[in-house]
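Heads up: the structure comes next, in structure tokens.
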Amino acid sequence: MSEKVTTTDFNDLFVPCYAPLSPIFTHGKGAKLWDQQQREYIDFSSGIAVSCLGHNHPKLVTALQSQAEQLWHVSNLYTNEPALRLAKKLVPASGLDRVFFCNSGAEANEAALKMARHKAITQYGETKTEILCFQRSFHGRTLFTVSAGGTAKYKENFGPLPAQIRHFPYNDTQALEQAVGSQTCAIFLEPIQGEGGVHPATQEFLESARKLATKHNAALIFDEVQTGVGRTGTLFAKDHYGIQPDIMTLAKGLGGGFPIGATLATEPFAKTLQPGTHGTTYGGNPLACAVALAVLEEIDKPAFFAQVNKQSQLLRQGLAKIDPQQTYFTEVRGKGLLLGLELSQPLADKAMEIVQVALDQGLVLLVAGSNTLRLAPPLVLTEEDLNKGLYLLEKTLQHFQKN
Ligand SMILES: *Cc1c(COP(=O)(O)O)cnc(C)c1O
């Protein structure tokens, strides 16, 4: 028997940069989770839009187990078969030319930004370094990515921050047009902002960003860490818009719960990073790549996307039924199975409280900003679990009506 552990141990031992909610989950299956007391939960969070194939998916378990018996790690002094196989599937699917594997979203974005800077400086000189970013955006927690992010609090007391990063209102085409110039190195954005409240870009905004980046020899970088790999009902969110970036980053859903990140780029951007310019010890780790390949094989099929879009529709219809008068939500935003529910006035800024009450009811939800509930269930969610989750959400919201 292993020793009993509790959240008190967390409070005693961990760096307190997290404040975990009370249940400790011990196992899961599909869109269901169970805690130490064997209590069942419906998971509408997927571990923050990560577990796209749910918990304990048999194909992912098999992929990990069989790779575990072959080879775990050799470093990037060598390549390995799972990494090569994953690249052969992922690179053509992205419409880009090359890939750099790493371990997280922040690391994928760090590589993207370094790539853009390196190309701009080596090709055009020291003054082409400005990176244009957007309010409410989230790109990770390294110093470079937190500086690119749109949340002031995440940067406070960590300075000096990397220079030449400016922020503009998202979806403001005019502001972007005015900002771009010969000094611009990159335009860096999420095609659908996730953490910032689930805000999709407008078609016009992305088209304009594409044109401006091309005109000024700047990189258009799409952060698809949250939106990539089927989450929005297409393989990548960019597919909704038909707009191709120069660099695209992935992580979260790519490993279905096993840590992996990827930076994909066109040839001119990729080739700037020659041997010795960038790297990471675990990037392209065989275990991670074997799992990610299994994820892609499962997801990258028209029938799979059709199913995601069907569940998305059912979810939206269910939400409309729960809230016919917009008592709870003023707006439901997003695409596929990434939905943001903007809270109405009586519930304003109660997102975290709602998450807590939902958890007491047996439903795992997410917030996105202080005033938006975020739903990101596993893409393989069954209709039964979807309806159960909606029922628990309704019960949760009714609790707030009484109080
Ligand atoms: C989660 C997220 C990141 C950061 O990913 P980590 O794996 O936590 O470093 C970056 N960009 C977006 C859009 C994200 O949602």
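As the structure lists them, so they are numbered: ligands from 1, and atoms in each ligand from 1.
For ligand 1, the atoms lying closer than 4.0 Å to a non-hydrogen atom of His139 are 10 (C), 11 (N). Per-residue contacts place Asp223 under 4.0 angstrom from the following atoms of ligand 1 (heavy atoms of the residue considered): 10 (C), 11 (N), 12 (C), 13 (C). In summary, the atoms of ligand 1 found under 4.0 Å from a heavy atom of Lys252, numbered by their order in the structure, are 1 (C), 2 (C), 3 (C), 14 (C), 15 (O). The distance from ligand 1 to the heavy atoms of Phe138 drops below 4.0 Å at these ligand atoms: 1 (C), 2 (C), 3 (C), 4 (C), 11 (N), 12 (C), 13 (C), 14 (C). The Glu190 neighbourhood of ligand 1 comprises atoms 13 (C), with distances under 4.0 Å to a heavy atom of that residue. Ligand 1 places these atoms under 4.0 Å from at least one heavy atom of Ser104: 7 (O), 9 (O). Residue Gln226 approaches ligand 1 through these ligand atoms, each under 4.0 Å from one of its heavy atoms: 15 (O). Under a 4.0 Å criterion applied to the non-hydrogen atoms of Asn109, ligand 1 contributes the atoms 10 (C), 11 (N).
Between Phe188 and Phe134, the distance from one ring center to the other does not fall under 6.0 angstrom. The aromatic ring centroids of Phe400 and Tyr328 lie 6.0 Å or more from each other.
Of the options Arg117, Lys114, Lys119, a side chain to side chain contact (heavy atoms under 4.5 Å, CB included) to Thr272 is made by Lys119 and by none of the others.
Looking only at protein heavy atoms, the nearest one to atom 9 (O) of ligand 1 is Ala106 N, 2.7 Å. Of all protein heavy atoms, the one lying nearest to atom 7 (O) of ligand 1 is Gly105 N, 2.8 Å.
Few gaps surround CD on Glu267; more than 12 heavy atoms of other groups in view lie less than 6.0 Å from it.
No side-chain donor from either of Arg333 and Gln193 sits under 3.5 Å from a side-chain acceptor of the other.
Remark: Glu110 does not engage Arg141 in a salt bridge, criterion side-chain N to carboxylate O under 4.0 Å.
A side-chain donor-acceptor contact under 3.5 Å links Thr202 to the backbone of Phe205.
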